[in-house]
K.L.:
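Structure in structure tokens, see below.
Chain naming here is simple, since letters A, B, ... match the order of the sequence lines and numbering starts at 1 in each.
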Amino acid sequence: MNIFEEYIKKITDLISKNKQSLNLDNLNNFKGVVVESPPAEFNFDLSCNVGLLLGKINKINPIELSNRIKDLIIKELKDFEKVEIAGPGFLNLKLTKRSLILNINQILKNKESFGKKISNNSYNIEFVSANPTGPMHVGHCRGAIYGDVLANLLKFNGNKVVKEYYINDYGNQIKNFAKSVFLRIREIKYNEKFIPKEDLYPGEYIIDIGKKIIESNKNEKFDSFDETLQLLKTESLRHSMNLIKSDLKELGIEHDYFFSETDLIEKKLVDKAINQLKKNNYVQEGFLEPPKGETDKNWKKTKKLIFKSTLFGDDTDRAMKKSDGTWTYFANDVGYHMDKISRNYKYLINVLGADHTGYTKRITAAVNALSDNKVKLDCKVCQLVKLYKNGKPFKMSKRAGDFISAKDLLKEVNKDSIRFMMLNRSNDVEIDFDFDKVLEKSKDNPVFYVQYSFARISSIFRTLKKDINEKINLDLENFFLNENETKLLRKVFEWPKIVEIASNKYEPHKIPYYLYELATLFHSYWSKGNKNENFKFIEDGKIKKEETLAIIILVTVVIQRGMEILGVSLPDRM
RNA sequence: GCGCCCUUAGCUCAGUUGGAUAGAGCAUCGGUUUUCUAAACCGAGGGUCGUAGGUUCGAAUCCUUCAGGGCGCGCCA
């Protein structure tokens with residue numbers, strides 16, 4: 001149920017039927033024609049640009065054409081009590097009481113599904129995929145929450161969504177991780193001091209992991225690193241994945257599927273993918289140009305196995321095998337994406353951190369090559385979370401072990417505020433995350449503002465001893481909305497469109513912005529009652545007019561749906 | 001050198017996929033509470049939408065130039 005779509009259809013159908021009398025040769029399938037909310041100062045419910053667009057392609061003065069359409073609408077459609085031309089040729093439309101009531105009742109009848117745009121596709125969203133060498137830090141939270149809310153949004157619209165996590169449990173970094181744990185174990189057991197070195201992980205959590213491994217392997221002496229490597233790897237991985245999963249859980253996030261890189265190698269999925277690419281000669285022996293960044297004196301031009309990703313829009317071809325014969329990280333990822341493709345998703349989404357920007361083209365190229373351009377992969381890059389502490393920028397680095405973990409953050413700030421804050425910005429821009437400010441539990445936090453509007457509404461229901469499912473009977477004769485109620489209703493009408501755009505463009509940040517605006521309108525209405533008794537909703541324990549209750553219920557419906565999507569709670573008292 | 005992202009009010013950012021007089025929050029200044037919850041509301045000031053061109057009825061939005069900031073540019077992961 002989307003009021004804008006409803007009236008686009010009515011208006012364009014009408015124009016199609018009267019194409020000749022309107023003197024229109026070309027309707028161009030009404031491309032670009034929209035119905036939307038006009039700016040508030042015009043005081044209309046809807047506005048339509050059809051006259052502007054059709055005037056242009058039919059060489060008719062847009063105002064003249066709009067006037068003809070206006071006459072037609074007045075004559076044929078009974079939905080509007082007022083139609084006007086404004087500005088360069090917009091049609092502004094005001095709904096009759098009857099249409100307003102119809103639309104309100106429509107939403108009240110379908111509270112749970114209001115705003116859904118059913119699309120029934122299958123999506124795979126890969127997000128977080130933090131290296132399993134330690135707990136999550138603040139920077140990971142952003143992509144985690146973005147991915148989770150995007151999944152909620154797509155599910156809300158009826159799509160099947162799998163939330164996936166790729167565990168990079170293969171390769172050198174895991175070996176270094178295991179080595180760090182080994183050295184910490186030696187430190188604990190034999191008092192050999194741990195000396196931080198470049199490739200080692202210095203973080204304190206390594207000690208905890210070491211202790212746990214000692215505990216569960218009492219007979220092991222840990223004399224030789226090589227001999228205990230396998231044990232250390234699996235145990236350390238298990239512990240650090242548990243750390244990550246518990247962090248995610250505290251943020252309200254649960255993945256559906258964990259995919260292990262080691263599994264990938266063992267099941268030879270990479271070979272399979274590469275062989276398929278070889279069939280089309282997308283993968284061949286060849287030479288690469290020297291890297292363009294800092295000049296590397298050790299670089300030599302050698303023959304190697306390369307993927308011709310430039311055929312699919314990448315900037316340069318990519319190596320698939322290292323000189324020791326093992327696959328590159330990228331080759332593994334190609335294998336992984338082959339597996340995703342074989343699981344029959346229509347859309348793949350990878351949520352990445354800003355430091356992986358340069359990676360998006362090659363993996364998108366690989367998916368196109370593997371699926372013959374049938375599967376669409378979108379890489380969404382979340383820009384940096386810039387951390388400030390004591391006014392100074394805080395550099396986050398796992399290697400340095402000097403990072404603020406998600407757990408540290410969660411200790412101080414509740415998950416609702418973190419989720420709302422991380423989403424209250426487009427993923428394309430950096431977030432300044434002032435740690436001290438967040439610790440202050442600042443009143444300025446927009447999440448409180450939205451929650452508070454709901455708490456106020458809840459208090460109305462309490463006073464009235466009613467709830468959101470109260471049966472509403474709107475009487476056509478006496479139907480009247482005051483200015484505030486009209487504004488709120490028009491805002492409510494926009495909700496389906498916000499959901500649609502947010503999910504089509506993968507821009508969940510539109511939801512918190514919208515909810516904030518809706519809350520503003522409600523707070524404004526509420527406060528009028530403080531100045532003027534006439535604007536109070538309730539008199540002698542009863543609602544003054546049924547319309548007010550209807551509007552309040554609509555606002556509640558939207559706030560609830562919105563906060564469900566965001567994964568933020570809605571206390572009914574604050 | 002190349003790629004991606006950003007540049008809008010003093011600060012932090014929105015801007016409905018080309019529309020109407022460019023909007024919020026914070027900060028500043030001034031007001032509102034015998035209350036259905038003041039964690040709120042109302043008002044004021046504040047703009048050459050980085051620059052220079054182009055596309056058209058119409059540009060913050062699309063194309064090109066240049067400038068500034070961020071991230072990245074391996075047989076690492």
K.L.:
How many Å lie between CG on Leu521(A) and P on rC41(B), as a whole number?
P.N.:
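Atom CG in Leu521(A) sits about 11 Å away from atom P in rC41(B).
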K.L.:
Produce the list of close N/O pairs, under 3.5 Å, pairing protein atoms with atoms of nucleotides 54-62 of chain B; give distances to one decimal.
P.N.:
{"unit_1": "rG58(B)", "atom_1": "O6", "unit_2": "Lys56(A)", "atom_2": "NZ", "d": "3.3"}

K.L.:
Can you check whether His509(A) has a side-chain N or O nearer than 4.0 Å to OP1 or OP2 of rG15(B)?
P.N.:
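His509(A) to rG15(B) OP1/OP2: side-chain N or O found under 4.0 Å.
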K.L.:
P atom, rG3(B) versus rU8(B): distance in rounded Å?
P.N.:
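My reading of the P atoms in rG3(B) and rU8(B) gives 24 Å.
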K.L.:
Tell me whether the NZ or CZ atom of Lys321(A) lies within the 45° cone about the ring axis of Trp327(A) and under 6.0 Å from its centre.
P.N.:
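The answer is yes, since Lys321(A) meets both limits relative to Trp327(A).
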K.L.:
Taking for each residue the nucleotide of RNA chain B with the nearest heavy atom, is it Ala354(A) or Lys304(A) whose nucleotide lies nearer the 5' end?
P.N.:
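Of the two residues, Ala354(A) wins.
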K.L.:
From CD1 of Ile431(A) over to P of rC71(B), roughly how many Å is that when rounded to an integer?
P.N.:
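From Ile431(A) CD1 to rC71(B) P: 16 Å.
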K.L.:
Given Watson-Crick or G-U pairs with both distances under 3.5 Å, what dot-bracket string fits RNA chain B, with | for other-strand pairs and [ ] for crossing?
P.N.:
(((((((..((((.....[...)))).(((((.......))))).....(.(((..]....))).))))))))....
K.L.:
Kindly say if Lys322(A) contacts the phosphate of rA77(B), meaning a side-chain N or O under 4.0 Å from OP1 or OP2.
P.N.:
yes
K.L.:
What residues, two or more places apart in sequence or in another chain, satisfy side chain to side chain contact (heavy atoms under 4.5 Å, CB included) together with Lys376(A)?
P.N.:
Tyr347(A), Asp378(A)
K.L.:
Write down the distance between CG (Asp317(A)) and P (rC75(B)), rounded to a whole number of angstrom.
P.N.:
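Atom-to-atom, Asp317(A) to rC75(B), this comes out as 12 Å.
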K.L.:
Please report the distance separating the C1' of rG53(B) from the corresponding atom of rC66(B), rounded so that it comes out in whole Å.
P.N.:
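Each nucleotide's C1' atom is 11 Å from the other's.
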K.L.:
Expressed as a whole number of Å, how far does the C1' atom of rA9(B) sit from that of rG50(B)?
P.N.:
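Those two atoms are separated by 15 Å.
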K.L.:
Please give the distance between the P atoms of rG47(B) and rU34(B) as a whole number of Å.
P.N.:
37 Å
K.L.:
So, Glu517(A) side chain and Tyr514(A) main chain: donor-acceptor pair closer than 3.5 Å or not?
P.N.:
no
K.L.:
Have Ser426(A) and Glu507(A) got a donor and an acceptor in their side chains that come within less than 3.5 Å?
P.N.:
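No pair is found: no donor N or O on one side chain lies under 3.5 Å from an acceptor on the other.
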K.L.:
Quick one: does any side-chain atom of Ser569(A) pair with a main-chain N or O of Pro571(A) as donor and acceptor, under 3.5 Å?
P.N.:
no
K.L.:
When rounded to the nearest Å, what value does the distance between C1' atoms of rC41(B) and rU33(B) take?
P.N.:
10 Å
K.L.:
Mind running a 4.0 Å heavy-atom check of residues 549-556 of chain A against RNA chain B and sending the residues that fall below it, in number order?
P.N.:
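When residues 549-556 of chain A is checked for heavy atoms under 4.0 Å from RNA chain B, there are no hits whatsoever.
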K.L.:
Once side chain to side chain donor-acceptor pair (under 3.5 Å) is applied, do any residues pair with Glu64(A), and if so which ones, sequence neighbours excluded?
P.N.:
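Per chain and number, Glu64(A) pairs via side chain to side chain donor-acceptor pair (under 3.5 Å) with Arg68(A).
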K.L.:
At less than 3.5 Å, do the side-chain atoms of Ser47(A) and the base atoms of rA20(B) form a donor-acceptor pair?
P.N.:
yes
K.L.:
Do Arg462(A) side-chain atoms and Asp572(A) backbone N/O form a donor-acceptor pair below 3.5 Å?
P.N.:
yes
K.L.:
Between Phe90(A) and rA20(B), do the rings stack, that is, sit under 5.5 Å apart with planes less than 30° off each other?
P.N.:
yes
K.L.:
With C1' as the reference atom in both, quote the distance from rU17(B) to rU12(B) in angstrom, rounded to an integer.
P.N.:
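To the nearest whole Å, 24 Å.
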K.L.:
Is there a donor on the side chain of Ser323(A) or the base of rC75(B) sitting less than 3.5 Å from an acceptor on the other?
P.N.:
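Looking at the base of rC75(B), it does pair with a donor or acceptor on the side chain of Ser323(A) (distance under 3.5 Å).
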K.L.:
Nearest to the side chain of Thr328(A), which nucleotide is it out of rU16(B), rC75(B), rG3(B)?
P.N.:
rC75(B)
K.L.:
Answer yes or no: is there a donor N or O on one side and an acceptor on the other, between the side chain of Thr133(A) and the main chain of Phe177(A), under 3.5 Å?
P.N.:
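Answer holds: no.
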K.L.:
Suppose you measure atom P in rA44(B) against the same atom in rA24(B); what distance do you get, rounded to whole Å?
P.N.:
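My reading of the P atoms in rA44(B) and rA24(B) gives 11 Å.
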K.L.:
Using every non-hydrogen atom in the two residues, find where Met422(A) and Cys141(A) come nearest and quote the distance to one decimal.
P.N.:
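Minimum heavy-atom contact is CE-CB, 4.0 Å.
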K.L.:
Is the Phe90(A)-Phe42(A) ring centre distance short of 6.0 angstrom?
P.N.:
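No - the distance between ring centres of Phe90(A) and Phe42(A) does not fall below the 6.0 Å cut-off.
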K.L.:
Between the side chains of Glu164(A) and Tyr336(A), is a donor N or O closer than 3.5 angstrom to an acceptor N or O?
P.N.:
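Yes, a side-chain donor-acceptor pair sits under 3.5 Å.
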K.L.:
Between the protein and nucleotides 42-44 of chain B, which nitrogen or oxygen pairs are less than 3.5 angstrom apart?
P.N.:
{"unit_1": "rC42(B)", "atom_1": "OP1", "unit_2": "Ser524(A)", "atom_2": "OG", "d": "3.0"}

K.L.:
Do Tyr449(A) and Tyr516(A) make the cut of ring centroids closer than 6.0 angstrom?
P.N.:
yes
K.L.:
Between Gly353(A) and Thr302(A), which residue's closest nucleotide on RNA chain B lies nearer the 5′ terminus?
P.N.:
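The answer here is Gly353(A).
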K.L.:
Without decimals, in angstroms, what is the distance between Phe44(A) CZ and rG19(B) P?
P.N.:
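Going from CZ in Phe44(A) over to P in rG19(B) covers 20 Å.
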K.L.:
Using a cutoff of under 3.5 Å, can you pull out all pairs of nitrogen or oxygen atoms linking the protein to nucleotides 4-8 of chain B, with atom names and distances?
P.N.:
{"unit_1": "rC5(B)", "atom_1": "O2'", "unit_2": "Asp428(A)", "atom_2": "O", "d": "2.6"}

K.L.:
Could I get the full list of side chain to side chain donor-acceptor pair (under 3.5 Å) partners for Arg490(A), not counting sequence neighbours?
P.N.:
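Once residues adjacent in sequence are excluded, the partners of Arg490(A) under the side chain to side chain donor-acceptor pair (under 3.5 Å) criterion are Asn43(A), Asp45(A).
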K.L.:
Excluding sequence neighbours, so at least two apart, what forms side chain to side chain contact (heavy atoms under 4.5 Å, CB included) with Ala178(A)?
P.N.:
Phe225(A), Leu229(A), Leu232(A), Lys233(A)
K.L.:
Does Lys380(A) qualify as a cation-pi partner of Tyr506(A), given the criterion of NZ or CZ under 6.0 Å from the six-membered ring centre and within 45 degrees of its axis?
P.N.:
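No.
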K.L.:
Under the rule for side chain to side chain contact (heavy atoms under 4.5 Å, CB included), what residues qualify as partners of Thr302(A), not counting sequence neighbours?
P.N.:
Lys300(A), Lys304(A)
K.L.:
Kindly indicate whether the side chain of Asn92(A) and the base of rA20(B) share any N or O donor-acceptor pair separated by less than 3.5 Å?
P.N.:
yes
K.L.:
Provide the distance between the two P atoms, one in rC49(B) and one in rC62(B), to the nearest whole Å.
P.N.:
16 Å
K.L.:
Kindly say if Tyr449(A) contacts the phosphate of rC41(B), meaning a side-chain N or O under 4.0 Å from OP1 or OP2.
P.N.:
yes
K.L.:
Under 4.0 Å: is that the gap between some side-chain N or O of Tyr452(A) and OP1 or OP2 of rA39(B)?
P.N.:
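Answer is yes, contact under 4.0 Å.
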K.L.:
My understanding is that only residues two or more places apart in sequence, or in another chain, count here; which of them pass side chain to side chain donor-acceptor pair (under 3.5 Å) with His356(A)?
P.N.:
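Side chain to side chain donor-acceptor pair (under 3.5 Å) check on His356(A) returns nothing, list empty.
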K.L.:
Return the residues of residues 29-38 of chain A meeting this criterion: a heavy atom under 4.0 Å from some atom of RNA chain B. Order them by number, or give none.
P.N.:
Glu36(A), Pro38(A)
K.L.:
Test Trp526(A) against every option in Asn484(A), Ile460(A), Ile457(A) by the side chain to side chain contact (heavy atoms under 4.5 Å, CB included) rule and name the one that passes.
P.N.:
Ile460(A)
K.L.:
On the nucleotide rC36(B), are OP1 or OP2 found under 4.0 Å from the side-chain N or O atoms that Lys544(A) carries?
P.N.:
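No.
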K.L.:
To the nearest angstrom, how far is Arg362(A) atom CZ from rG72(B) atom P?
P.N.:
13 Å
K.L.:
Look at Glu494(A) together with Lys497(A) and state whether they make a salt bridge at an N to O cut-off of under 4.0 Å.
P.N.:
no
K.L.:
Quickly work out the Lys497(A) NZ to rG15(B) C1' distance and round it to whole Å.
P.N.:
14 Å
K.L.:
So which of Asn350(A), Asp333(A), Thr364(A) actually passes side chain to side chain donor-acceptor pair (under 3.5 Å) with Tyr359(A)?
P.N.:
Asp333(A)
K.L.:
Between Lys386(A) and Glu430(A), does any NZ, NE, NH1 or NH2 come within less than 4.0 Å of an OD or OE carboxylate oxygen?
P.N.:
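A salt bridge links Glu430(A) with Lys386(A).
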K.L.:
Could you give the OH-to-P distance, from Tyr514(A) to rG15(B), as a whole number of Å?
P.N.:
16 Å
